Amino acid sequence: MVMSHEGRSPRHPASDEYELLQRNYHVTLDGKDFWEEASRKLYSIYGIDEKTWAVINGDRAGWIREGVKYFPRAIYQIERYHLKRDLRNLLRGTPQLRRALKALEDNQAEELLAALAVAAKECPDEKRQAAIRALKEDLMTMPEACRDYRVRLQEMGISAEGMRGLGAAESNMDRFANRVKKRGQSWGRRGLQAIVQSLARQFEGRLEQASEELNQTTLEKVEKRLRAGAGHVARESAEAFQFKQAHPLIRSAGTTASGGLSRLIRKLSLPA
């Protein structure tokens, strides 16, 4: 899933809580060509050109990082929630935890990597030591992604006034997970696809519109199939009930008396 938005605004004038503006989701169960489809959708919504900056926020999964390749100008930022969680899990009980968290808060990537290097060297547990080194090596491939995107944009001469932190990824995933994963349900693929798409439209605030569009599309498909298959269905029905060989009495009944059924039977009885 990828979610785009246009910033945040207070829930009401006196609120300390903020809500996302113009949320838009692209959700699929098939990871093939994910960014190709997701970026195409974003290009259809916004006038993205070589002057547009896309900021992609996510955990350290490789497939998320791939998103920067689909926009003329894009930067990737590691989700702070996940990175802080990993640091606390791996460095708990060590002097380097506080050092690492402060480095992250101060946007000092080199200091963060140095803290991880010391922590790995001092750790007596081999398994935990290996995990710390793996985190350090991964962050070394994208040190800038450890820094706040607003600081990086400002360093490039781009105003970040009014921009807030990117902390919405985890909470938005929870909104889907709470409905899909955490109530003991079991889903088939088609059912799961249906529920996640419905949730996406609901969270965008356009579930009713999407429902009406779906109903209209469904009706058009049904009407098309009925028009295309009416003759075939009628012939099969007539053959099944041998209306060609028999002469049901209702055929001779008047239209009014039979409630229109005599006309239907006569039509079904016509040769193919």
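All of these numbers come straight from a predicted model, not from anything done at the bench.
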- [ ] Indicate the atoms forming the closest heavy-atom contact of Thr28 with Phe34, along with that distance.
- [x]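 It is CG2-CD1, 3.5 Å.
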Task: Smallest separation among heavy atoms of Met163 and Tyr149, with atom names - done: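 Minimum heavy-atom contact is CB-OH, 3.3 Å.
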Hey, does the side chain of [X] reach the backbone of [Y] with a donor-acceptor pair shorter than 3.5 angstrom?
X	Y	value
Trp35	Val68	no
Arg201	Val196	no
Lys41	Tyr25	yes
Tyr81	Asp59	no

Open item on the list: With salt bridge (Lys or Arg N to Asp or Glu O under 4.0 Å) as the criterion, how do Arg8 and Glu19 come out once you've worked through the C-alpha distance, each side chain's angles and the decisive distance to 0.1 Å?
Closed with: CA-CA 5 Å; Arg8 305 175 187 230; Glu19 60 183 356; over 6 Å; no
Open item on the list: Could you walk me through whether Leu87 and Leu135 satisfy the side-chain contact (heavy atoms from CB on, under 4.5 Å) test, starting with their C-alpha distance in whole Å, then the side-chain angles of each, then the deciding distance to 0.1 Å, before giving a yes or no?
Closed with: CA-CA 9 Å; Leu87 291 172; Leu135 174 61; 4.0 Å; yes
[X] bridged to [Y] by N-O distance under 4.0 Å:
X	Y	answer
Arg133	Glu137	no
Asp138	Arg65	yes
Arg73	Glu50	no
Lys51	Asp49	no
Lys69	Glu66	yes
Arg40	Glu37	no
Glu204	Arg23	no
Arg152	Asp148	no

Open item on the list: Run Asn57 and Ile78 through side-chain contact (heavy atoms from CB on, under 4.5 Å) and show every step you take.
Closed with: CA-CA 6 Å; Asn57 177 60; Ile78 300 173; over 6 Å; no
TODO: Test side-chain contact (heavy atoms from CB on, under 4.5 Å) on Arg60 and Asp86 and set out the steps.
DONE: CA-CA 11 Å; Arg60 293 180 289 114; Asp86 292 342; 3.2 Å; yes
Task: Derivation of the side-chain hydrogen bond (donor to acceptor under 3.5 Å, both in side chains) call for Gln193 and Arg189 - done: CA-CA 6 Å; Gln193 179 73 10; Arg189 190 173 184 84; over 6 Å; no
Task: Identified side-chain contact (heavy atoms from CB on, under 4.5 Å) counterpart of Glu155 within the set Ile158, Val151, Leu153 - done: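 Answer to the side-chain contact (heavy atoms from CB on, under 4.5 Å) test with Glu155 among Ile158, Val151, Leu153: Val151.
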TODO: Decide salt bridge (Lys or Arg N to Asp or Glu O under 4.0 Å) for Glu144 and Arg147; before the verdict, give the C-alpha distance in whole Å, the side-chain angles of both, and the deciding distance to 0.1 Å.
DONE: CA-CA 5 Å; Glu144 284 296 292; Arg147 305 174 68 223; 2.9 Å; yes
Task: Full working for side-chain contact (heavy atoms from CB on, under 4.5 Å) between Tyr43 and Phe71 - done: CA-CA 9 Å; Tyr43 275 90; Phe71 302 93; 4.0 Å; yes
